[in-house]
Amino acid sequence: MSKKSVPAERIRLVIDRPANTQGDYVLYWMIANRRTRSNYSLDRAIEWARLLGKPLVVFEALRAGYRWASDRIHAFVIEGMIENGKAFADSPVTWFPWLEPRPGEGKGLLKELARNACAVVSDDFPCFFLPQMIESAGRQLQVRFEVVDSNGMMPMRLTDRVFARAVDFRRYLQKEIGPWLEQRPVEQPLKNLKLPRLQGLPDRIAEKWPMTDLSGYQRSPEAFLATFPIDHSVPRVEHIRGGSSAARKQLARFVSDSMLGRYHEERNQPEQEVASGLSPWLHFGHLSIHDVFESVTGWKPWSTEKIASKATGSKEGWWGAAPEVEGFLDELITWRELGYNMCALEPRYDQYGSLPEWALATLDKHRRDRREWLYSLDEFTRGATHDPLWNAAQGQLVEEGRIHNYLRMLWGKKILEWTESPEQALEFMIELNNRYALDGRNPNSYSGIFWVLGRYDRPWGPERPIYGTIRYMTSDNTARKVRVKDYIRRYSKGESGEQGTLF
DNA sequence: ATCGGCTCGCGCAA
DNA sequence: TGCGCGAAGCCGAT
């Protein structure tokens, strides 16, 4: 093989068999890294196709029956698919887009595709229903089946250790990440790609599962989405478009004096638009972490030689980059990959019981404390609490599919305070976040939600009702610390009776 | 405005 | 074995 191969540490063998040289094609089942550039899974599939001298088929599907399927999620994924289709059209790769019309109709499709395949490659994503889907495919297919980790700068399964604190993970990264910064997936693997072309998919597949024509979406997104049995009450976010080019546009916007240059100082200010906003595209794999890393470290002159040699776990002076860059890299690498570490290695990552012992104990001790306010899931959903700042945060979530990082913490802390039990708080946070957030159903969402309940944190006195020694936050203090007046005004279209009179 | 205390557990120096 | 210190806080004292 001419190109540098995909690191073995990123490849997990689900079905260990030799490739079937009698197959008609190599199959890449694209489920998480939904992009045609800087994608180790695609590189791996191309490696196999080259080695075997076979065509490559990319099967990019979206199911209908999974939990929280909505116009919002469908639109974002479809917009990415349309772009992928254009990229593959100029290549010898056969791209097979498929949107499941009704839950269950896709049953058997992958198996049929795999019957003619030499080998199947897919994406190793550690969260939501994807791990179970891979496991299930592993029981059904009868062909070599590999999943590839293209999530982070570090392979997420390189260690067995689950890290309970960011500082420990940071220290681990400081020791181990060096070599992984020197390699990347192929930036444009389709460029000048030479592979045999497939004349067509087998008839039995084309007849039962015809490729989805996505042009209907381009003519009328709403009408197109209306044909799917998904949650139409969660509308698409029109100003955040799915797909790699929108992602790269946002990345270019962010890596600038006016955003990254102010990131360090103002990232906690909800009214200042200095956060990267990249998480939706990172979540759906429309954007590669390697592209982000290179853009950000290229903002000011920097090279890997500047990295400190001593692994102290400290945030300061690790990368040897500008403070703005250091601050962002700690989010992008330490915190992002910490979440992937948890999901990949802790099967109970979404279960209440996976919280640290001290947090479980203190929350349990206070579970019978009197609650001054209690709201139903419906009241939370509508942003109908007594607290205008909370309602605004919820309003932003429903309207834009995101909450400002800083207010997201307050949002969660108050849900803990205003529900009947910490388990119910967890359930409501997961429900609201996964339903409305474009970057929900992602390891980082679970980090944020579980942080509210003590994960990655430490006890803070004094012991209070409900919270115990879980870190406590109040809306009043938040409003004192950061400017929120315009934020509240901007997102208070909800139903709370108070906000109109307060501001 | 700034400071310490609240409280736990991990890595590392000793 | 002890020490320092940690994603973002809060509160009361100065």
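Remember, predicted model here, so these are calculated numbers, not experimental data.
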For C:dA7, does either OP1 or OP2 sit under 4.0 Å from a side-chain N or O belonging to A:Arg170?
yes
What parts of residues 469-484 of chain A reach DNA chain C, counting only heavy atoms under 4.0 Å away?
A:Arg471, A:Tyr472, A:Met473, A:Thr474, A:Asn477, A:Lys481
Can you check the distance between B:dC10 and C:dG9, where both ends of the measurement are the P atom (answer in whole Å)?
23 Å
Atom-to-atom span, CG of A:Asp457 to C1' of B:dG9 - whole angstrom
13 Å
C:dG12 and B:dT7, which share atom name P, separated by this distance in whole Å
16 Å
Pairwise P distance for B:dG5 and C:dC3, with rounding to whole Å
15 Å
Could you tell me how far apart A:Asp330 (CG) and C:dG6 (C1') are, to the nearest whole angstrom?
12 Å
Is the CD atom of A:Glu271 crowded by more than 12 outside heavy atoms at less than 6.0 Å?
yes
Taking C:dC5 as the reference, what is the distance to B:dG4 when you measure between their C1' atoms (whole Å, please)?
15 Å
Test item: side-chain donor near acceptor, A:Thr474 and A:Asp476, under 3.5 Å:
no
Inter-nucleotide P distance (C:dG6, B:dC3), Å rounded:
16 Å
Main-chain N/O of A:Glu420 paired to A:Gln424 side chain as donor or acceptor, under 3.5 Å
yes
Look only at the side chain of A:Glu346 and the backbone of A:Arg348, and say whether a donor-acceptor pair between them is shorter than 3.5 Å.
yes
Nearest listed nucleotide, side chain of A:Glu331, among B:dC6, C:dA8, B:dA13:
C:dA8
Report yes or no: is the cationic atom of A:Lys413 (NZ for Lys, CZ for Arg) closer than 6.0 Å to the six-membered ring centre of A:Trp390, at no more than 45° off its axis?
no
Test item: A:Arg371 side-chain N/O and A:Trp418 main-chain N/O as donor-acceptor pair under 3.5 Å
no
Symbol by symbol from the 5' end, with Watson-Crick or G-U pairs under 3.5 Å, [ ] crossing and | another strand, DNA chain B is ||||||.||||||.
In whole angstroms, the gap separating P of B:dA13 from NZ of A:Lys310 amounts to 5 Å
Against the side chain of A:Ala166, the closest entry in B:dC8, C:dA7, C:dG9 is C:dA7
Between A:Glu266 and A:Val274, is there a donor-acceptor pair closer than 3.5 Å when you use the side chain of the first and the backbone of the second?
no
Which one of A:Arg253, A:Arg402, A:Arg262 satisfies the salt bridge (charged side-chain N to carboxylate O under 4.0 Å, His left out) criterion with A:Glu273?
A:Arg253
Value in whole Å for how far the C1' atom of B:dG5 lies from CZ of A:Arg464:
12 Å
For A:Ser492, does its backbone N or O pair with a side-chain atom of A:Asn391 as donor and acceptor, under 3.5 Å?
no
Length of the NE2-P vector between A:His404 and C:dA8, whole Å:
16 Å
Tell me which of A:Glu357 and A:Arg171 sits closer to the 5' end of DNA chain B, going by the nucleotide each one is nearest to.
A:Glu357
Look at the side-chain N and O atoms of A:Tyr456 and state whether any lies under 4.0 Å from the OP1 or OP2 oxygen of B:dG9.
no
Can you spot which of A:Asn444, A:Leu426, A:Ile415, A:Leu432 makes a side-chain contact (heavy atoms from CB on, under 4.5 Å) with A:Ile449?
A:Leu426
In whole angstrom, what separates A:Lys414's NZ from C:dC10's C1'?
11 Å
For the side chain of A:Asp71 and the backbone of A:Arg236, is there at least one donor-acceptor N/O pair under 3.5 Å apart?
no
If you look at every strand shown and take non-hydrogen atoms under 4.0 Å, does A:Arg161 touch a base, only sugar-phosphate, or nothing?
sugar-phosphate
From the candidates C:dA7, B:dC12, B:dG11, the one with an atom nearest any side-chain atom of A:Asp168 is B:dG11
Figure out the CZ/C1' separation between A:Arg458 and C:dG6, and round it to whole Å.
5 Å
Span that lies between the C1' atom of B:dG9 and that of C:dC10, in whole angstrom
22 Å
Value in whole Å for how far the C1' atom of B:dG11 lies from CZ of A:Arg165
8 Å
Nearest to the A:Trp460 side chain among B:dT7, C:dA7, C:dG9, which nucleotide is it?
C:dG9
